[in-house]
Amino acid sequence: MRDPFIDVYPQPGAIFERGSGVYLFDTSGRRYLDLLAGIAVVSLGHSHPGVTQALQAQLAKLGHVSNYFRTPPQVEAARRLTGRFDFDCRVFFANSGTEANEAAIKLIRKARPSRRTIITFEGGFHGRTMGSLSATGWGARNQAFAPLLPGIVTVPFNDPGALRRAAQEPEVGGILLEAIQGEAGVRPMAEELAETVKEVAAEHSLLVAVDEVQAGLGRTGRWFGYQHYGLEPDVVTLAKALGNGFPVGAMVAREEVASAFATGDHGSTFGGNPLAGTAILAVLEGLEAIVAPERAELLGVQLRQRLEELPLVKAVEGMGLMVGVELTEPVAQKVYHQALELGLVINYTSPSRLRLLPPLVISASEIGAGVEILGEAMRAVGGAL
Ligand SMILES: Cc1ncc(COP(=O)(O)O)c(C=O)c1O
């Protein structure tokens, strides 16, 4: 029988039917330890009781009304989320990371009408809709979808000189960046680049938007990845962990910038509906309850130390529970498949790089168990080389 799916993803190695905490169960009932968390989404673990119960109750009460109206969960989610930032800000709710970034691109352009060009970085990933894709630093890979959005300039990552040169152009009004590049295999920005971002933003009055879709909400050991660098962004985008699996996105903007949007400038049918608001509230409560940043920091140190002892490992990079593992050989795909065979879910971002993004509720012993299995997978792959 022909596969009914359009072929944009690799063939899946498993069909998962059920999840609980850090475990997934396939259709035959087999258990897998999940060190990917649905790509940094399920930070509170699968089927988290708080999120599940809140969503069930809200669905029975009110599911959707459109953004012509407000609902209590939406209002409360907006208050609670903006309250997480140490600056005066407002929020726009979307359904995904790419939509949050589309909103950010539009807002920067509206707020800097005579300087609409935005600087982005090679290796940065911001989504797959045309605006966010144009801002995604994948070079030639994007050309299949040309013409891309004009007014985006992509400079090499961690090259402060290139940023400085690009920022001098009079048409530049903003910068969009990931403090820790996720899809590139977990690559933190260099301190020097962060300092240059601060400098050029101050010098040329550029708006700084930080994409925290993957790194945000505690994963890196701080609530937001940019806090590791003392950046003071004007715009922050979020998605993934904000819904723990319920599709949500958010763009948070500093008050002075947020006010550039007027009624009708942007919108969404579903964004921030009562279900999304409920999910966001339950997630923020859950993350606060486990003190997510501290937990990720502590467990991240243990995870990275253990990974360094494994065969085939050349370098371990990352922050908190956002970890990239550079291998000595281009066997990441083989290690991934072998790990899956052994009941472990991980991810690879290039032929020689693995990525681990475990749920933040994982325990030290579960991390130990995961590293054991990964080691076994690496020994099996390494032995066959
Ligand atoms: C940093 C970053 N930005 C944006 C996106 C796009 O998010 P979504 O897939 O929800 O559109 C992703 C997804 O991986 C991401 O990692």
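Note that the structure is predicted; figures quoted are calculated from it, not measured. Start at 1 and go down the list; that is how both ligands and their atoms are numbered.
Contact atoms of ligand 1 toward Thr98: 6 (C), 7 (O), 8 (P), 11 (O) (distance under 4.0 Å to a heavy atom of the residue). Applying the 4.0 Å criterion to heavy atoms of Glu183 picks out, from ligand 1, the atoms 14 (O), 16 (O). Within ligand 1, the atoms closer than 4.0 Å to a non-hydrogen atom of Ser96 are 10 (O), 11 (O), numbered from 1 in the order shown. Heavy-atom contacts of Asn101 reach the following atoms of ligand 1: 3 (N), 4 (C) (cutoff under 4.0 Å).
Taking distance alone, with nitrogen or oxygen atoms compared against 3.5 Å, Glu178 stays at or beyond that limit from ligand 1. Checked against a 3.5 angstrom limit, the closest N/O atoms of Asp211 and ligand 1 fall inside it. In terms of N/O distances under 3.5 Å, ligand 1 is not approached by Ile39. The shortest N or O to N or O distance between Ala239 and ligand 1 is not under 3.5 Å.
Nearest protein heavy-atom neighbour of atom 16 (O) of ligand 1: Gln214 NE2, 2.8 Å.
When each of Thr136, Thr98, Asp211 is checked for a side-chain hydrogen bond (donor to acceptor under 3.5 Å, both in side chains) with His126, only Asp211 meets the rule.
Under the 6.0 Å cut-off for aromatic ring centres, Phe16 and Tyr32 qualify, their centroids lying closer than that.
One distance of note links OH of Tyr23 with CZ of Arg30; it measures 13.0 Å at 0.5 Å rounding. Atoms OG1 and CD, from Thr220 and Gln227 in turn, are 8.0 Å apart once rounded to the nearest 0.5 Å.
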Verdict with supporting geometry, Arg254 and Glu232, salt bridge (charged side-chain N to carboxylate O under 4.0 Å, His left out)
CA-CA 10 Å; Arg254 213 173 267 278; Glu232 294 183 351; 5.1 Å; no
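Around CZ of Phe87, the count of heavy atoms belonging to other residues, nucleotides or ligands within 6.0 Å exceeds 12. For Glu192, the CD atom is loosely surrounded, since the number of other residues' heavy atoms within 6.0 Å does not exceed 12.
Ring planes of His266 and Phe92: tilted class, angle from 30 to 60°.
In this structure, Arg128 falls outside the shell of residues with a heavy atom less than 4.0 angstrom from ligand 1.
Of the candidates Lys240, His126, Glu99, it is Lys240 that places a heavy atom closest to atom 14 (O) of ligand 1. Looking at Ser132, Gly97, Ala179 and measuring to atom 10 (O) of ligand 1, the nearest heavy atom belongs to Gly97.
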